[in-house]
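These notes concern the structure reproduced below.
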Amino acid sequence: MQKIYSKKTQNLVVYKIMKQRFFIISLSLFCLFAYGQNAKTSYKTLDLLSAYLSSDLELKKTALSVKEAELSSQQSTIQNGLSATLSTGTITFKNINDSLSVEFSPEVKISVPAAANLTANVSSQIKINEEANAEKTKLSLSVDIISSKQQARKNALLKSDRAVTEAKRTFQDNAISAEKNFYTELKKLYNTASSIISSQNDLYDDTITFEEIKAQGYTKSSSKYRSAELRVLSDKRTVETKQRELEHDCVVFASKCGITLPEEFNPFDFLPSEIPQVKPVSITSFDMEDYKKIEQAKWNYYINELDRNAEKDFSLSANTGYTFNNTDTNSDTADIGTNLSWKGLSVGMGISIPTTQEKSPAYTISASVDPNTFRLNKIKKQKNDISSEKELITIEDAIQKYETSLVDQQTSLNDIIWSKETNLKTYQMYSELEADLGKWYKAGITKESEYLSAKTNKEKYKINLLINDIDLIIYNIETNLLFNRDEK
């Protein structure tokens, strides 16, 4: 049942309500923005960022991947460069007539892949008993006239260099991605702080309404009284939940920055009061050829075309040499040979010319054929044509994605700039209004509620401006991540 109070009593209640409102708002603003006034306890954004990046283990792992790729590149250079091998062959020891006999077949081989796969070889069979004898000593030199090996070697070196480049790009991207993660988490903290302000304002408004209902004489058992009370209790829980959420997120974020916060702390003392100012990056300032998807698609087409062109149907190699005491002619011989292959057909021919006129030359010939190779080569060529066409389509698709990114990023930048300009104007308006209302409130011209409302909204838009600064940093990072920046 409603109870009627005198006008004097109602005025006294309203006065108490206004005092309570002042306490709630003042406490809220003190908690939320004390960090902006206390330089001793607040942290600077760049200091937190530096600590955050230094604690990023994934970034350290990527740095090791760069070193690993560089070592692999060195390994590929060695494997595809000049090589020389020296072999003793199998050494056999024998006891013949109480005399030690040693037999072995040494060989020296030098190859220069860059010079048409030029290979020089020296081999012999040496027997040491009472004296040393050399048999089957042979000098040979071979070279590829038409072959896919030289191009395959170049392709292998290109791929190893590319692997180093991609590892460096990944490290660079991970570094600024870690920076993006830092600002994304920091933005979440500011958003939570902003939502606390809104929730505390809701708590204030519902508390005022509840007090007015009590002043009007509604009993505790009435539905209006209980509904108003439940709204206040719900608002309190919401504020407490968000405050605990902010405390938890600050502790986690601080730990990623190498900072251990005490058990009892004001999270607003931890949050930076300023965000570094950056200039917006325009996506049109980047070269379209550096767009990652385009560059990657063109590289894939380029290197795969080299691989496909390196696969020749026809190959031809030649060799020459000198054999001491050739068993085929029982004399020293000058040797000349050639090997030819075309698809599934292979033919080898050679001649050993004795150095003495009494001996006749020795001829060698060999041939082999694999019919399946002809059919497989035809299918492989068709598959290569399909792969080439698919890669060209991928390039076209990458160009379309670039055009989409161009529109998307430009629109996002315009939205961020517009939002910041709007929030800045609103912040300046509330700053001026707060200053004016503060004077008028002290002079008794305006209500306290109007002054505190202006103050609350000013601080809320102050946080919004910080969030706008973060949004611009994140936008710049996302724009940079769309392109390769090898020389930047």
Side-chain angles (χ1 to χ4, degrees), residues 31-39 41-56 59 172-199 242-243 245-259 261 266-283 405 408-428 430-431 457-482:
C31 292
L32 288 172
F33 306 107
Y35 70 93
Q37 308 297 327
N38 191 346
T41 55
S42 63
Y43 292 87
K44 294 183 178 180
T45 305
L46 293 181
D47 292 339
L48 292 175
L49 174 60
S50 177
Y52 185 94
L53 295 179
S54 64
S55 302
D56 193 314
L59 197 58
Q172 190 180 42
D173 288 347
N174 284 358
I176 63 174
S177 293
E179 184 178 353
K180 176 186 174 182
N181 293 338
F182 168 85
Y183 281 108
T184 300
E185 293 186 42
L186 186 58
K187 177 183 176 181
K188 179 183 176 183
L189 299 180
Y190 284 124
N191 280 329
T192 304
S194 178
S195 68
I196 290 176
I197 294 179
S198 299
S199 297
K242 291 182 178 181
Q243 287 175 336
E245 177 187 349
L246 181 59
E247 290 174 2
H248 170 269
D249 291 345
C250 282
V251 170
V252 174
F253 181 73
S255 67
K256 294 181 180 180
C257 299
I259 299 172
L261 295 175
N266 186 345
F268 304 98
D269 290 340
F270 170 73
L271 292 176
S273 58
E274 294 181 353
I275 299 297
Q277 300 296 301
V278 297
K279 294 182 179 180
V281 174
S282 174
I283 191 173
S405 296
D408 184 40
Q409 292 301 104
Q410 287 177 327
T411 303
S412 297
L413 178 58
N414 291 336
D415 291 342
I416 292 171
I417 294 175
W418 174 84
S419 178
K420 184 170 183 178
E421 290 176 348
T422 302
N423 286 331
L424 180 59
K425 290 179 181 178
T426 307
Y427 172 76
Q428 292 172 343
Y430 277 115
S431 295
N457 283 306
K458 183 199 76 170
E459 299 299 350
K460 183 174 182 178
Y461 279 96
K462 180 179 179 181
I463 289 182
N464 288 344
L465 287 172
L466 294 176
I467 294 174
N468 287 145
D469 292 336
I470 292 177
D471 285 337
L472 183 58
I473 293 174
I474 293 176
Y475 160 82
N476 284 351
I477 292 174
E478 290 176 342
T479 302
N480 276 280
L481 286 172
L482 293 173

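Owing to the predicted nature of the structure, the values given are computational and were not obtained by experimental measurement. Excluded from the calculations below are hydrogen atoms, water molecules and symmetry mates; all remaining heavy atoms, backbone and side chain alike, are included.
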Only counting residues at least two apart or in another chain, list the ones meeting salt bridge (Lys or Arg N to Asp or Glu O under 4.0 Å) with Glu185.
-> Lys256
What heavy-atom pair brings Ile477 and Glu179 nearest, and what distance separates the two atoms?
-> CD1-CG, 3.8 Å
Look at the aromatic rings of Phe253 and Phe182 and report parallel, tilted or perpendicular, splitting at 30° and 60°.
-> tilted
Residue set satisfying salt bridge (Lys or Arg N to Asp or Glu O under 4.0 Å) with Glu478, at least two apart, ordered chain then number -> Lys180
Flag, side chain of Thr45 to backbone of Glu274, donor-acceptor distance under 3.5 Å | yes
Minimum heavy-atom distance Ser405-Leu482, with the two atoms named | CB-CD1, 4.1 Å
Tyr52 side-chain N/O to Tyr183 backbone N/O, donor-acceptor pair under 3.5 Å | no
Of all heavy-atom pairs between Tyr475 and Ile283, which one has the smallest distance, and what is that distance?
-> OH-N, 4.2 Å
Under 3.5 Å, is there a donor-acceptor pair between the side chain of Ser194 and the main chain of Tyr190?
-> no
Contact summary for Val281 and Asn476, nearest pair of heavy atoms = N-OD1, 2.9 Å
Go through the steps to decide whether Leu48 and Phe270 satisfy the test side chain to side chain contact (heavy atoms under 4.5 Å, CB included), and finish with yes or no.
-> CA-CA 10 Å; Leu48 292 175; Phe270 170 73; 4.2 Å; yes
Determine which pairs satisfy salt bridge (Lys or Arg N to Asp or Glu O under 4.0 Å) with at least one residue from residues 411-425, sequence neighbours left out, and list them in order.
-> Lys420-Asp469
In short, Leu59 meets Asn174 closest at the heavy-atom pair CD1-C, 3.6 Å
